[in-house]
Amino acid sequence: MENLIRRRLVENEELVKILAKFGEEPAVFYQKSPEDIQWQKQNQYPKIIFAIDKFANAERGTYGALSFEIICSETSASPEEIEFLIRSALEGIFFTPTAGETFSAKWRDTSLMQEQISDKENLIFGALVNFDIYEYPAIKTSDPDAIAALNEYALNWYEKFFVIGESELPPFLEPTRERPAIYFSRKFFRSRRQRNSDVQIDGTIQVHLFAPSLKDRIEWLTEFFYSLLLDGEVTLLDGSPMFVQELRQDFSADEISGQISIDVTFGVLRKPNYAHILIGTNFSSLGERNFHSKNFVSADKNETADNFETAESIAVAEKNRKFHENLSRQNSAMTSENSNRKLWTLRRKIADGNEFGAEKRNFKPDLGEEIENVHNRRNYSGDEKIVRDEIHKCTGGSRIKKF
C-alpha cells in the first residue's frame, strides 16, 4: 500500500519539480525523514513525510488513516500548493497492489502550521493532510452469489463500467465520465421462507458508483437505476432468477456509503437426492421383488447423468444388465417348475378318472403323456389358458375342472 502511494506521488511531474532531492530521489518519505547530517548540506525543503494506520473493519476488512506532513521553508513552495498536488494525485484514484485488495483514499481535512526552529534558521511552514483509506474486497462466496451476479450484470451493461472486484484493474485506476467505476457490497441477508424445493433469502445490496463529479454520478446512477427497475431481475450464475423487490436512490449519500439500495429475493435450491438411472424394468411377484431388492447392484451414489458414460458407470450398467438377464432366467425356471407341478397333479387326477365325469368314454390311457408333450411342445410360459385349451383338445372336448 505505501509503495503504491509513494509511487503515485513521485510520478507526478509537477510535484517532483517543487520538492527537494535526497540524492537523486524526490523528498517523499514513509514515516521518517533522514537525519539532517545525511542531507550533506543539501536543501531539504520542501519535503513530504507520510504514514498509514490500519484498523479492522467488519464491512470492508480493513479501514485506514493516511496522513501527510508537508514541511516547507520561507524560500520554498508553499504548503497549500503542495497540498493541492497531493490531493489531485490521490483523490478519486483506485490503487490495486499485486497482492492485496483494491483501495482508495478520500480526503478528510487539512490543517496548517508554522514553527521557528532557532534564531539562525528560517521559519518552518507546514501542513498536515489527512485521508481515510477504504478497501474494496473481492468477496467470492458459494453459489448462488448475489454479488457475483450483479458484477456480471454490470460488466455486460453496455460494457461501460469498471467493476471493482471483478474487472482486471491497473495499479492506478481513475474513473472518468465516459467510464465510471462501480462496486457492490452486502448490507444484510436473511432467510425468509423454507420450502420443499428451496430456501428463500431476502437481502439488501448497496451500489457504490464513482465518477469525477456529482453531476456525472447522478446521471450514471439514474440510468443504472432505471435499467434494474425495468429488468426486474438479475440472473444468478446457476441460472435461477434473483428478483429486484425494491430500489431506493439516495441523492444525499456519497459513493462510500452507497447511493442505491437494492432489495432482492432469491432462492437457494436444495440438493436433490440422487436417483439411479433406470436401466430396465421387471414386473414380478412380491417374493421376486424381495429377491430383486436384495441382489440389485446399483451405481455409485455420487454419479450423475453428466458422467454416466464414464468407464466405471458403463461397467456398473453392464453388471446390472447381466443381473436382470439372470433374474429373467430364474423367473422362467420358477414358472416352469410351477407349471410342471400342476401338470403332474392333473395327470394323477386324470389317471384316477376324477376329472371327466360322465365323459369317461373319451378317456385315453396315455393322456398324461400327451399332456406333457403339449407342455413341452408349447414351451409353456405361465399361461394356464393355453395348457387347458390343449388338454381340452386331447380329451375330445371333455370338461376339465379348474386346477
Side-chain angles (χ1 to χ4, degrees), residues 57-61 63 91-94 101-108 131-141 144-167 169 173-192 200-237 240-267:
N57 182 269
E59 181 180 1
R60 297 182 180 271
Y63 167 82
E91 273 199 298
I93 305 299
F94 290 95
E101 303 293 349
T102 299
F103 68 92
S104 68
K106 185 177 182 180
W107 174 76
R108 188 201 316 157
F131 291 80
D132 291 323
I133 294 178
Y134 297 94
E135 277 194 351
Y136 304 89
I139 301 175
K140 301 290 184 181
T141 63
D145 189 338
I147 297 297
L150 280 169
N151 284 345
E152 191 70 20
Y153 179 87
L155 278 175
N156 297 328
W157 192 71
Y158 306 121
E159 299 181 352
K160 293 291 185 180
F161 288 134
F162 288 108
V163 181
I164 301 172
E166 189 70 28
S167 301
L169 303 180
L173 171 66
E174 184 175 5
T176 62
R177 173 181 172 81
E178 292 74 24
R179 193 171 185 189
I182 195 169
Y183 179 72
F184 300 97
S185 65
R186 299 167 178 82
K187 190 171 183 180
F188 69 87
F189 284 125
R190 64 166 179 265
S191 62
R192 185 176 66 131
Q200 286 188 320
I201 294 179
D202 288 345
T204 298
I205 297 172
Q206 296 294 116
V207 180
H208 311 258
L209 191 137
F210 302 85
S213 67
L214 177 62
K215 179 178 180 294
D216 297 334
R217 291 192 291 271
I218 291 177
E219 288 180 359
W220 279 108
L221 284 166
T222 303
E223 190 172 351
F224 189 68
F225 181 93
Y226 288 152
S227 177
L228 281 173
L229 187 64
L230 293 175
D231 289 341
E233 65 181 54
V234 175
T235 303
L236 296 168
L237 301 188
S240 61
M242 179 174 67
F243 298 103
V244 178
Q245 301 292 346
E246 185 179 354
L247 290 168
R248 296 181 301 276
Q249 184 173 356
D250 187 355
F251 293 99
S252 63
D254 63 5
E255 58 269 39
I256 301 301
S257 59
Q259 304 101 320
I260 295 178
S261 298
I262 310 173
D263 292 340
V264 298
T265 297
F266 62 96

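Basis for what follows: all heavy atoms, side chains included, without hydrogens, waters or symmetry-related copies. Source: prediction; values computed, not measured.
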Is it the case that over 12 heavy atoms from other parts of the model lie below 6.0 angstrom from the CZ atom of F189?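 Correct, the count exceeds 12.
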If you measure from [atom1] on [X] to [atom2] on [Y], what distance do you get to the nearest 0.5 Å?
X    : Y    : atom1 : atom2 : result
Q245 : I262 : CD    : CD1   : 12.5 Å
I182 : Q259 : CD1   : CD    : 8.5 Å
L150 : S185 : CG    : OG    : 10.5 Å
L173 : R179 : CG    : CZ    : 8.5 Å
T102 : I164 : OG1   : CD1   : 6.5 Å
D263 : T204 : CG    : OG1   : 4.0 Å

Nearest atoms (heavy-atom pairs only) where [X] meets [Y]:
X    : Y    : answer
Q249 : I260 : CG-CG1, 4.0 Å
S104 : I93  : CB-O, 3.5 Å
A146 : L236 : CA-CD2, 4.2 Å

Main-chain N/O of [Y] paired to [X] side chain as donor or acceptor, under 3.5 Å:
X    : Y    : answer
R217 : A211 : yes
D254 : I256 : yes
E101 : A138 : yes

Between [Y] and [X], is there a salt bridge with N-O shorter than 4.0 Å?
X    : Y    : answer
R192 : D202 : yes
R177 : E219 : yes
R186 : D145 : yes

Set out, in order, the CA-CA distance, both residues' side-chain angles and the distance that settles side-chain contact (heavy atoms from CB on, under 4.5 Å) for S240 and F266, then state yes or no. CA-CA 8 Å; S240 61; F266 62 96; over 6 Å; no
Which is it for S257 and Q206 under the side chain to side chain donor-acceptor pair (under 3.5 Å) test, yes or no, and what are the steps along the way? CA-CA 8 Å; S257 59; Q206 296 294 116; over 6 Å; no
Does P212 have any side chain to side chain contact (heavy atoms under 4.5 Å, CB included) partners at least two apart in sequence or in another chain, and if so, which?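 Listed in chain order: D216.
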Tell me, please, which residues at least two apart from I218 pass side chain to side chain contact (heavy atoms under 4.5 Å, CB included).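 L214, T222, F251.
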Applying the ring-ring contact (aromatic ring centres under 6.0 Å, His included) criterion to F94, which one of F103, F162, Y136 satisfies it?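 Answer to the ring-ring contact (aromatic ring centres under 6.0 Å, His included) test with F94 among F103, F162, Y136: Y136.
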side-chain contact (heavy atoms from CB on, under 4.5 Å) assessment of E255 paired with L209: CA-CA 6 Å; E255 58 269 39; L209 191 137; over 6 Å; no
Can you find a heavy atom in the side chain of K187 that is under 4.5 Å from one in the side chain of I205?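 Not touching, per the 4.5 Å side-chain cut-off.
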Which residues pass the side chain to side chain donor-acceptor pair (under 3.5 Å) test with D250, not counting sequence neighbours?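 Partners of D250 by the side chain to side chain donor-acceptor pair (under 3.5 Å) criterion, ordered by chain and then number, come out as S252.
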Single hit among F161, F224, F184 for side chain to side chain contact (heavy atoms under 4.5 Å, CB included) with Y153: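 Exactly one pass, corresponding to F224.
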State yes or no: are the ring centers of Y183 and F210 separated by less than 6.0 Å?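 No, the ring centres sit 6.0 Å or more apart.
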Kindly determine whether L247 and V244 satisfy side-chain contact (heavy atoms from CB on, under 4.5 Å), including the steps that lead there. CA-CA 8 Å; L247 290 168; V244 178; 3.8 Å; yes
Is NZ or CZ of R108 both nearer than 6.0 Å to the six-membered ring centre of F131 and within 45° of the ring axis?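 Verdict for F131: no cation-pi partner in R108.
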